[in-house]
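Encoded as structure tokens, the structure appears first; notes follow it.
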Amino acid sequence: MQVLDRIELYVVNAPLPAPFAPSWMPGTIRHNVSFTLARFITNDGVEGWSAFSGGGRDRAGIGDTLANLFLGQDPDDIDAVSEKIHIMAVGGHFNWWLEPAFWDIKAKNAGLPLYKLLGGNHDRIRLYASAGELREPMARRDEAEARFEDGFDTLKIRVHDFDEKVDIEHISDVALHMQGRMKISVDCNQAFRLTQNGPAPLWSLDRAKRFVDAAADVGLAWVEEPLFGEWHEEIAKLTAYSRVPIAGGELHLMGYRELARMAKMGCYNILQPDAMWAGGVKQGIELSRLCREQGLKFTPHCWSNGFGFIVNAHVFAASGFADEMLYEYPLAPPGWLPVGRDAIIDQPFMHDQGWFDMPQKPGLGIEIDHAALAKYGRCFFKADRQQRYWMPEALADLK
Ligand SMILES: [Mg+2]
């Protein structure tokens, strides 16, 4: 019987081609793509990989828990894996990002790319370009023109100003400038607040109503997360009020159960759970089925790193929504490009004129660039079924 034989954990900090200022984290300039990387190896040598944001000591302590819960276990039993991840969550650590590593093993066992194992048949998926920085209106027009030239027909921009008039001016200017050529959507990033490096606006229901009115007037394709994510009643009221579709649900740590309840109470028109945060691959697929039953739309969030991009691409390609929806493609030159985002992956996941060809290798389709991992990564924990090795020096000088 196949069992899990070894676990390795790494921190990875790889340089971006230029500094990147994420709109959702005011006051932050990123110079690296940073993540914790997990490698699971079975007794017959099959490897499962996944990675999650946080390249410091964020997850320094999870090695023993992983070893206790997973070594010697059947990696093919996703329900048992989910239960163990839930046990970690009860202990205070949400680590849904580990679940896709087991799907990597499962799909490799089956000799299929993951989306095909999940029943998907979309070898090529249509993308929208997802911008990540705030820009002045003229620079925003240039960005939209550039993405249009790249082959995208939809661009998602960001707003995060304290003055709602500024936000409305920005969406109106670019939408009217690109009218008839490119669709514009907007992410308000109100669902979670990342104020550790600077203050951020907090929208009320009234402000969100005025914003969605303006968005509808200029024909936006959708408005994403215009209210705090746990304000379920207010979100449902806004969605009922709005003339433009409301999207959201990317980082709900309780996963399917919470998102299904939100879907049934009318919180969003478009559900966007990210498998790395919101319950893993299995719960993402389950939610896509519920969205179909409820007459809602589905397309996952994927902004984190190359692992998050490809895991959620498999979910999307198998969701039943790939013919009618677009999948997110994070792209914010000069800082956030596939070559930096997909650090330590052998081939960056490039788009082709706004389309993405799903990898055809068994599993997630990730080949690790081991030279890049040796250069940018540090192993801080290794375990097999006999022994555990902690390498605290690997983490000693991290910020
Ligand atoms: Mg978003």
Side-chain angles (χ1 to χ4, degrees), residues 20-26 28 30 52-53 96-97 127-135 140 143 147 152 154-161 167 170-171 174 183-195 200-203 208 211-212 215 220-232 234-235 238-239 242 244-253 255 258-259 262-263 267-279 284 287-288 291 296-305 307-309 311-313 315-316 319 321 325-332 335-336 341:
F20 170 65
S23 64
W24 53 89
M25 206 184 285
T28 303
R30 283 196 193 155
F52 194 65
S53 301
W96 287 113
W97 63 282
L127 306 168
Y128 71 86
S130 180
E133 294 183 310
L134 300 173
R135 302 208 191 288
R140 184 68 75 193
E143 183 177 39
R147 296 296 81 76
F152 292 96
T154 304
L155 169 69
K156 182 170 86 186
I157 66 164
R158 312 275 172 166
V159 292
H160 227 57
D161 207 282
D167 287 348
H170 279 220
I171 58 166
V174 69
K183 291 187 198 124
I184 302 295
S185 66
V186 62
D187 195 338
C188 315
N189 288 117
Q190 285 291 309
F192 47 92
R193 286 170 65 69
L194 301 174
T195 52
L202 177 64
W203 292 16
F211 185 82
V212 299
L220 258 54
W222 71 89
V223 172
E224 192 164 314
E225 301 201 320
L227 286 170
F228 190 66
E230 289 171 14
W231 296 357
H232 300 169
E234 287 87 344
I235 296 169
L238 183 71
T239 300
S242 177
V244 61
I246 306 295
E250 56 200 51
L251 309 189
H252 286 265
L253 300 172
E258 181 184 7
L259 287 163
M262 291 174 73
C267 279
Y268 293 120
N269 305 107
I270 304 167
L271 273 287
Q272 301 173 305
D274 187 316
M276 307 301 253
W277 273 270
L287 194 72
S288 74
C291 286
L296 302 170
K297 305 289 187 189
F298 175 92
T299 180
H301 166 272
C302 72
W303 194 303
S304 56
N305 53 55
F307 293 83
F309 173 78
V311 165
N312 286 291
V315 173
F316 180 69
S319 68
F321 284 90
M325 298 296 289
L326 306 172
Y327 179 60
E328 180 170 39
Y329 194 77
L331 193 56
W336 201 261
R341 179 195 72 190

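All residue numbers in this chain count up from 1 along the given sequence. Remember, it's 1-based here, ligands and their atoms both numbered in the order they're listed. In this text, all values refer to a predicted model and were calculated from it rather than measured experimentally.
For W203, the ring-ring contact (aromatic ring centres under 6.0 Å, His included) test picks out F211, with sequence neighbours left out. Evaluation of the ring-ring contact (aromatic ring centres under 6.0 Å, His included) rule for F228 yields W231 as partners, not counting sequence neighbours. Taking the side-chain contact (heavy atoms from CB on, under 4.5 Å) definition, one finds that T154 meets it with Y128, K183, W222, L326, sequence neighbours left out.
Between the T195 side chain and the A200 main chain, no donor and acceptor come within less than 3.5 Å of each other. No side-chain donor-acceptor contact under 3.5 Å links W277 to the backbone of E250.
Near the Mg ion (ligand 1), less than 2.8 Å away, sit the protein N, O or S atoms D187 OD2, E224 OE2, E250 OE1.
For an aromatic pair to be called close, the ring centres must be under 6.0 Å apart, and Y329 with F309 satisfies this.
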